[in-house]
Amino acid sequence: RLRKWQERIRTKDAGERNLQFALSEIDRMASALGVPRSVREVASVIYRRALNEDLIRGRSIEGVATSALYAACRQEGIPRSLDEVAEVSRVPQKEIGRTYRYISQELGLELKPVDPKQFVPRFASALGLSEEVQAKATEIIDVSAEQGLLSGKSPTGFAAAAIYAASLLCNEKKTQREVADVAQVTEVTIRNRYQEQIEAMGFR
Amino acid sequence: MSAPADSIEIQNVVASTGIGQELDLEALADDLPGADFNPDNFPGLVYRTQDPKAAALIFRSGKIVCTGAKSIDDVHEALGIIFDKLRGLSIPVDEDPEITVQNIVSSADLGHNLNLNALAIGLGLEDVEYEPEQFPGLVYRMDEPEVVILLFGSGKIVITGGKQTNDAETAVEEIVKRIDNLGLLD
DNA sequence: GCTTTAAAAAGTAATGT
DNA sequence: ACATTACTTTTCAAAGC
């Protein structure tokens with residue numbers, strides 16, 4: 001009986017240590033990504049819910065912690081791409097995506113698809129672009145999305161192309177490579193989305 | 001006049017069967033020209049038929065998985081060829097091994113572009129998986145028939161998970177109804 | 001969970017000319 | 001700037017780790 005008690009305490013301690021580890025990892029990754037404290041708290045809540053619902057069984061603590069942070073960013077309207085999240089995590093991008101889909105389904109998060117507009121302020125300021133360019137990029141996204149061009153396209157690539165197009169239109173030109181680097185997409189993707197978007201805008 | 005259901009094409013049929021006889025795969029790999037067998041990698045021996053084109057996974061237990069066929073008739077034909085090949089190697093094969101269709105993958109065209117963002121919300125986020133950062137298709141799990149449908153912006157779709165020939169047709173009619181009811185069919 | 005086999009859809013990426 | 005190849009998703013069985 002004494003052994004059982006010790007085992008329980010040991011398990012409880014282990015569980016407590018695991019939770020502390022997960023929360024400190026969320027904190028570390030959130031700092032590296034530069035997301036506000038409110039997002040870390042949302043991520044902590046999602047992680048604890050996943051823990052209570054026993055969703056971690058068969059998955060790595062780090063994977064669930066990273067996915068919780070990815071989900072929290074989206075829920076708070078300041079999304080990070082899976083690439084960006086994977087850069088500060090020690091879990092491969094593929095596993096983060098798979099784990100996110102799983103906990104999102106099981107916890108019923110029902111997050112809407114990521115809106116490309118939500119990347120504009122962050123990408124544009126990283127490129128030192130003005131408010132005017134940001135407003136133009138936002139307009140390009142709205143107009144082309146309304147014409148059905150967004151279906152199936154990656155939100156980061158869509159945002160990157162709109163920012164590139166806006167930088168040209170506002171005489172604050174950035175090269176495709178510069179925009180591609182901050183958005184972590186290829187120049188080919190920017191070129192493809194850019195062509196569709198300027199056509200949708202009625203330019204050519 | 002061309003209904004979406006008329007555009008359905010079966011792309012792949014997966015079926016399982018068994019010859020009711022244990023097999024020595026090492027020996028079989030030597031006797032069957034073109035057979036791939038890497039037990040360290042995978043326990044099954046891979047054997048491909050040319051006409052109809054299909055691939056069979058043959059296991060030590062005598063159970064066989066056939067995949068890649070374009071129709072249920074092709075599955076029977078391909079497995080028939082394999083059964084005869086085995087008999088030719090003087091391996092006893094059951095008279096008419098039962099063949100079970102496990103999965104049918106079909107493609108179709110709805111004939112309209114689809115707004116996947118609107119569809120994700122309209123069909124219900126709880127039944128939908130749409131992560132364009134990871135994959136361009138919207139994944140929709142339907143209960144009746146129990147199939148999974150992948151929907152693309154072009155209006156092209158993939159229906160998978162069905163076991164009956166008519167599952168794809170039923171599913172296409174149902175998904176068209178649901179999309180139309182949402183006013184999302186241009 | 002993973003390993004292998006097949007197939008479609010469309011986007012993105014890496015490599016090659 | 002092109003093309004080609006390859007990988008992402010879903011489904012399913014098989015035997016074994």
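Numbers restart at 1 for each chain; the letters A, B, ... are given by sequence-line order, proteins then strands. Values in this document were obtained by computation on a predicted structure and should not be read as measured data.
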Under 3.5 Å, is there any donor-acceptor pair linking the side chain of B:Thr160 to the base of D:dT11?
yes
Determine: side-chain N/O of A:Arg101 to OP1/OP2 of D:dT10, distance under 4.0 Å, yes or no.
yes
Rounded to whole angstrom, note down the P distance from C:dT4 over to D:dA6.
16 Å
Determine the sole option in A:Lys112, A:Arg101, A:Arg74 for which the salt bridge (Lys or Arg N to Asp or Glu O under 4.0 Å) test with B:Glu131 is passed.
A:Arg74
Quick one: is A:Arg98 getting a side-chain N or O under 4.0 Å of the D:dT9 phosphate, OP1 or OP2?
no
Whole angstroms only, please: what is the NZ-P distance between B:Lys156 and C:dA9?
6 Å
Does C:dT12 have OP1 or OP2 under 4.0 Å away from a side-chain N or O of A:Ser154?
yes
Gap in Å between the two P atoms, one belonging to C:dC2 and one to D:dT8, rounded
12 Å
Can you tell me if A:Glu84 uses its side chain to pair, donor with acceptor, with the backbone of A:Ser81 under 3.5 Å?
yes
Please tell me if A:Arg193 has a side-chain N or O lying less than 4.0 Å from either OP1 or OP2 of C:dT12.
yes
Taking only side-chain N and O atoms of A:Thr186, does any of them lie within less than 4.0 angstrom of OP1 or OP2 on C:dT12?
no
Return yes if some donor-acceptor pair links the side-chain N/O of B:Tyr130 with the main-chain N/O of B:Leu125 below 3.5 Å, else return no.
no
Would you kindly give the CG-to-P distance between B:Leu116 and C:dA9, to the nearest whole Å?
16 Å
Between B:Val105 and A:Gln184, which has a closest nucleotide on DNA chain C that is more 5'?
B:Val105
Short question: side chain of B:His112, backbone of B:Leu185 - any donor-acceptor pair under 3.5 Å?
no
For side-chain hydrogen bond (donor to acceptor under 3.5 Å, both in side chains), just list the numbers for A:Ser38 and A:Glu76, CA-CA rounded to whole Å, side-chain angles, deciding distance to a tenth of an Å, and then say yes or no.
CA-CA 8 Å; A:Ser38 60; A:Glu76 294 305 291; 4.7 Å; no
Taking 4.0 Å as the cut-off, does a side-chain nitrogen or oxygen of B:Asn41 come that near to OP1 or OP2 on C:dT4?
yes
I need the single residue from B:Ile19, B:Leu45, B:Ile99 that forms a side-chain contact (heavy atoms from CB on, under 4.5 Å) with B:Ile64. Which is it?
B:Ile19
CG of B:Leu114 versus C1' of C:dA10: gap in Å, rounded?
13 Å
Just the rounded figure in Å: distance from C1' of C:dT12 to CG of A:Asp83.
11 Å
Using the closest heavy atom to pick a nucleotide of DNA chain D for each, name whichever of B:Asn103 or B:Pro136 lands nearer the 5' end.
B:Pro136
Nearest-Å distance, CG (B:Asp36) to P (C:dA6)?
10 Å
Measure from the side-chain N and O atoms of A:Arg193 to the backbone N and O of A:Ala159, and report whether any donor-acceptor pair falls under 3.5 Å.
no
Using distance alone, with no hydrogens and no angle criterion, decide if A:Tyr102 and A:Arg98 have a side-chain donor and acceptor under 3.5 Å apart.
no
Taking atom P in both C:dT3 and D:dC7, what distance in whole Å separates the two?
13 Å
Assess whether salt bridge (Lys or Arg N to Asp or Glu O under 4.0 Å) is satisfied between A:Glu62 and A:Arg28, documenting all intermediate values.
CA-CA 12 Å; A:Glu62 175 85 0; A:Arg28 179 189 63 75; 3.8 Å; yes
Take the protein atom CD of B:Gln50 and the nucleotide atom P of C:dA6, then report the distance between them rounded to whole Å.
12 Å
Rounded off to whole Å, could you give me the CD-to-P distance for the B:Gln11 and D:dT11 pair?
18 Å
Dot-bracket encoding of pairs in DNA chain C, which uses [ ] for pseudoknotted crossings and | for another strand, Watson-Crick or G-U under 3.5 angstrom
|||||.||.||||||||
Pick out the pairs of N or O atoms, protein on one side and nucleotides 1-5 of chain D on the other, that lie under 3.5 Å.
none

Map B:Ser107 and A:Gly152 onto DNA chain C by nearest heavy atom, then report which one ends up closer to the 5' terminus.
B:Ser107
Rounded to whole Å, CD1 of B:Ile82 lies from P of C:dA6 at a distance of 13 Å
Look up atom NZ in A:Lys153 and atom OG1 in A:Thr189, then write down how far apart they are to the nearest 0.5 Å.
11.0 Å
Same apolar cluster: A:Phe119 and A:Val179, side chain cutoff 4.5 Å:
yes
Interface polar pairs with nucleotides 13-15 of chain D, N/O, under 3.5 angstrom:
unit_1, atom_1, unit_2, atom_2, d
D:dA15, OP1, B:Ser61, OG, 2.7
D:dA15, O3', B:Arg60, NH2, 3.1

Could you tell me whether the side chains of A:Glu178 and A:Ser167 share a donor-acceptor contact shorter than 3.5 Å?
no
With a 3.5 Å distance limit and no angle check, can you tell me whether A:Glu132 reaches the backbone of A:Cys170 through a side-chain donor-acceptor pair?
no
